[in-house]
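Comments concern the structure below.
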Amino acid sequence: MTDPRPAAVIVLAAGEGTRMRSATPKVLHAIGGRTLLGHVLATARALDPEALAVVVRHDRDRVAEHALALDPDVLVADQDAIKGTGRAAWCALEALDSAATATTGAPVSGPVVVLAGDVPLLDAGTLGELLAAHTADGNVVTVLTTRVPDPTGYGRIVRTDDGQVERIVEHRDASPEELAIDEINTSVYAFDADVLRAGLRTLQDPASDAASNAQGEVYLTDVLALAHAHGAVRAIETPDPIIVEGVNDRVQLATLGAELNRRVLETAMRSGVTVVDPASTWVDVTVTLEQDVTLLPGTQLLGRTSVATGAVIGPDTTLEDATVEAGARVLRSHVTDARIGEGASVGPYTHLRTGTVLGPRSAIGAFAETKNAELGAGAKVPHLSYVGDAVVGDAANIGAGVITANYDGVGKHRTVIGAGAFVGSDTTLVAPIEIGGGAFVAAGSTVTRDVAPGALAVERAQLKIIPGWVARRLEGTKWAAAAQRAIEALGESVDEESGRDAAGPSGTARPSGTDEAHGGHTA
């Protein structure tokens, strides 16, 4: 048996949310990588409805634009100046009927699910159970309820002796006996479209007093009392109250955000992900984690980030819209919209910015930054470097303090470093420029022309050493005293050109005025 498909889902997102104390509409506040409205729309779309409508009013354009960005097929319905959830549902049903009539020649018919736009933890499984019970029992209305220790502020479920829902009474309109009821309305319903249409029409009839209440609004809950004339009105109860809790202020926003994160991490851990410290680890609902990933304390995984098997992330690392391939290691770093290849190593204190692609087994070390840069397999940028708008070939080695000077004040330019090239420490490569495969660039150089494959580029001023300068110019200072002690410790005369003992401190002669090629990060 296939799950029933609703004729429509209506999401109520017209409220201002004054208790949020925010210029941002309540439904556009976010937890777990989605706005509140985004969570609800994702759940609604999981039911595969024939139509999906969002009711807007406060800050209409922002909410409508966001809804359409998330789901281009959503129908935006405008609520007018008449207040209340019943009026919001009526405006949505009118828009849905108009759209359905234009395509099929008839208004909406069948089950219509109505949801609040500020209930982010509600899941498709619970909604599916509600819809299945509504269809199987032949109800005209089915409401989702739950029980809470303190029902203050919630609408109470008043049942008949045979267990049907007689009515829902709002807290302000409830009698003392009704206030004692702990079963509450969650504002999640399945209606028969014809019954919903008839009930809403009655509530808004000026000649009817069916909508009399303390706030003078058109309540959607009042449809339930009218629906008894058409058939059974029942409820199904969820044992998990927090999944139907709405957000009214920032305290509730934080509470539900923490609970959502806890559930995301629990699901990940039960699927084979190691989370060393769940209390300090935050993972958005849109993140993908494979088996045997390890998340260390202080890790945040945001947006469309995906992490493949065997990768280790953290501690103290943020990945946003990043792709991490199998076996990679990211330590104390910030990564945005970048790809980290299989077995690659990043960090600590590294910033990988948009457009960075690290090849397999490549490495970027401490205090390095990249943007729009591609590193080949086994390439290394060990530390203290900036690589932007660049391609670094396989197995190339970039020394400490290397800068690709990619911006001339007007536009960005590209640097290409060939496979196996070696760029010495404290070097500036002024783009556009190409360093050929296997070429060497000496430490301390500023390179402004292309370097052929296998060539050595050296750019530096002649070193000048002035013997005895400290004693003459800084006589009587601590530096002069230190220099005198060092000279006396050598026990031999000081070379007039180099200022050092002719044999050097190790006793090995070194010709004056000669540059050597050093290993590591210099050349």
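In this chain, residues are counted from 1 in sequence order.
The aromatic rings of Y349 and F367 sit parallel to each other, their planes meeting at less than 30°, with 60° as the upper class boundary.
Every residue two or more places apart in sequence or in another chain that forms a side-chain contact (heavy atoms from CB on, under 4.5 Å) with T238 is listed here: L144, T146, D240, I243, V244. The side chain to side chain donor-acceptor pair (under 3.5 Å) check on T152 picks up D150, with sequence neighbours excluded. Residues forming a side-chain contact (heavy atoms from CB on, under 4.5 Å) with E237 (at least two apart in sequence, or on another chain): T145, R147, E183.
Taking 4.5 Å as the limit, every side-chain heavy atom of N185 sits out of range of all side-chain heavy atoms of R156. Looking only at side-chain heavy atoms (C-beta outward), L296 and I313 stay at 4.5 Å or farther from each other. Considering only heavy atoms from C-beta on, V188 stays 4.5 Å or farther from V143 through its side chain. Using a 4.5 Å heavy-atom cutoff, the side chains of V112 and V9 are not in contact. Contact of the V392 side chain with the V387 side chain is registered, since non-hydrogen atoms from C-beta on lie closer than 4.5 Å. In this structure the side chain of M269 reaches within 4.5 angstrom of the side chain of P278, judged on heavy atoms. Residues W90 and V218 form no side-chain contact, since every pair of their non-hydrogen atoms from C-beta on lies 4.5 Å or further apart. Looking at R167 and L224, their side chains never come closer than 4.5 Å, going by heavy atoms from C-beta outward.
At least one donor-acceptor pair closer than 3.5 Å links the side chain of S280 to the backbone N or O of G298. Counting only distance, with no hydrogens or angles, the side chain of E266 and the backbone of R262 share no donor-acceptor pair below 3.5 Å. Of the possible donor and acceptor atoms, one in the side chain of D192 sits under 3.5 Å from a partner among the backbone N and O of V195. A donor-acceptor contact shorter than 3.5 Å links the side chain of T35 to the backbone of G38. Side-chain atoms of Q164 come within 3.5 Å of backbone atoms of V233 as a donor-acceptor pair (strictly under, hydrogens ignored). The main-chain N or O of T126 is found under 3.5 Å from a side-chain atom of D123 such that the two form a donor-acceptor pair. With hydrogens and angles ignored, the 3.5 Å screen pairs no side-chain donor or acceptor of H413 with any backbone N or O of A431. When atom types are taken as modelled, the side chain of D321 and the backbone of R304 share a donor-acceptor pair closer than 3.5 angstrom. At distances below 3.5 Å, not a single donor-acceptor pair connects side-chain atoms of T305 with backbone N or O atoms of V287. Of the possible donor and acceptor atoms, one in the side chain of N261 sits under 3.5 Å from a partner among the backbone N and O of V283.
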Could you please spell out the steps behind the side chain to side chain contact (heavy atoms under 4.5 Å, CB included) verdict for R361 and S345? CA-CA 7 Å; R361 304 175 306 284; S345 174; over 6 Å; no

Side chain to side chain contact (heavy atoms under 4.5 Å, CB included), that's the test. Do E178 and D173 meet it? Break it down for me. CA-CA 9 Å; E178 291 166 339; D173 301 315; over 6 Å; no

Between L70 and L68, does a side chain to side chain contact (heavy atoms under 4.5 Å, CB included) hold up when you go through it step by step? CA-CA 5 Å; L70 295 174; L68 289 168; over 6 Å; no

Can V223 and F191 be said to form a side chain to side chain contact (heavy atoms under 4.5 Å, CB included), step by step? CA-CA 10 Å; V223 172; F191 291 95; 3.9 Å; yes

Under the criterion salt bridge (charged side-chain N to carboxylate O under 4.0 Å, His left out), I'd like the reasoning laid out for D389 against R414: C-alpha separation, chi angles, the key distance, then a yes or no. CA-CA 5 Å; D389 295 297; R414 194 167 180 78; 5.8 Å; no

Could you walk me through whether T354 and T336 pass side-chain hydrogen bond (donor to acceptor under 3.5 Å, both in side chains), step by step? CA-CA 6 Å; T354 298; T336 303; over 6 Å; no

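Distance check: H29 NE2 to L37 CG gives 12.5 Å after rounding to the nearest 0.5 Å. Between T317 atom OG1 and L295 atom CG the span is 10.0 Å, to the nearest 0.5 Å. Atom OG1 of T186 is separated from atom CD1 of I157 by 8.0 Å, given to the nearest 0.5 angstrom. Distance CG/L122 to OG/S187: 11.0 Å, rounded to 0.5 Å. Taking CG of D118 as the reference point, atom CD of Q252 lies at 8.5 Å (rounded to 0.5 Å). The CG atom of L28 lies 10.0 Å from the CD atom of E65; values are rounded to the nearest 0.5 Å.
Residues E325 and R339 are paired through a salt bridge, judged by an N-O separation under 4.0 Å between the basic side chain and the carboxylate. With respect to R45 and D73, no salt bridge is recorded, no charged nitrogen being found less than 4.0 Å from a carboxylate O. Salt-bridge check for R57 with D78: failed, with every basic side-chain N at 4.0 Å or more from each acidic carboxylate O. Between E369 and R353, at least one side-chain nitrogen of the basic residue sits less than 4.0 Å from a carboxylate oxygen of the acidic one, meeting the salt-bridge criterion.
Of all non-hydrogen atoms in V165 and A235, the two that sit nearest each other are CG2-CB, 3.6 Å. Here the closest non-hydrogen pair linking I31 and H39 is O-NE2, 2.7 Å. T286 and G303 make their closest contact through OG1-O, 2.6 Å (heavy atoms, listed as atom of the first residue, atom of the second, distance). Residue A124 comes nearest to T43 through the heavy atom pair N-CG2, 3.6 Å, listed as atom of the first residue, atom of the second, then distance. Across A88 and V55, no two heavy atoms sit closer than the pair O-CG2, 3.5 Å. Of all heavy-atom pairs spanning Y219 and L203, the tightest one is O-CD1, 3.4 Å.
Within 6.0 Å of CD on E166 lie more than 12 heavy atoms contributed by other residues, nucleotides or ligands. The environment of CD in E94 is crowded: more than 12 heavy-atom neighbours from other residues, nucleotides or ligands sit within 6.0 Å. For R5, the CZ atom sits in a packed shell: over 12 heavy atoms of surrounding residues, nucleotides or ligands are nearer than 6.0 Å.
Side chains of Q300 and T318: a donor on one and an acceptor on the other come within 3.5 Å. T404 and N406 are not linked by any side-chain donor-acceptor pair at a separation below 3.5 angstrom, with hydrogens and angles left out of the test. R87 and Q204 share a side-chain donor-acceptor pair at under 3.5 Å.
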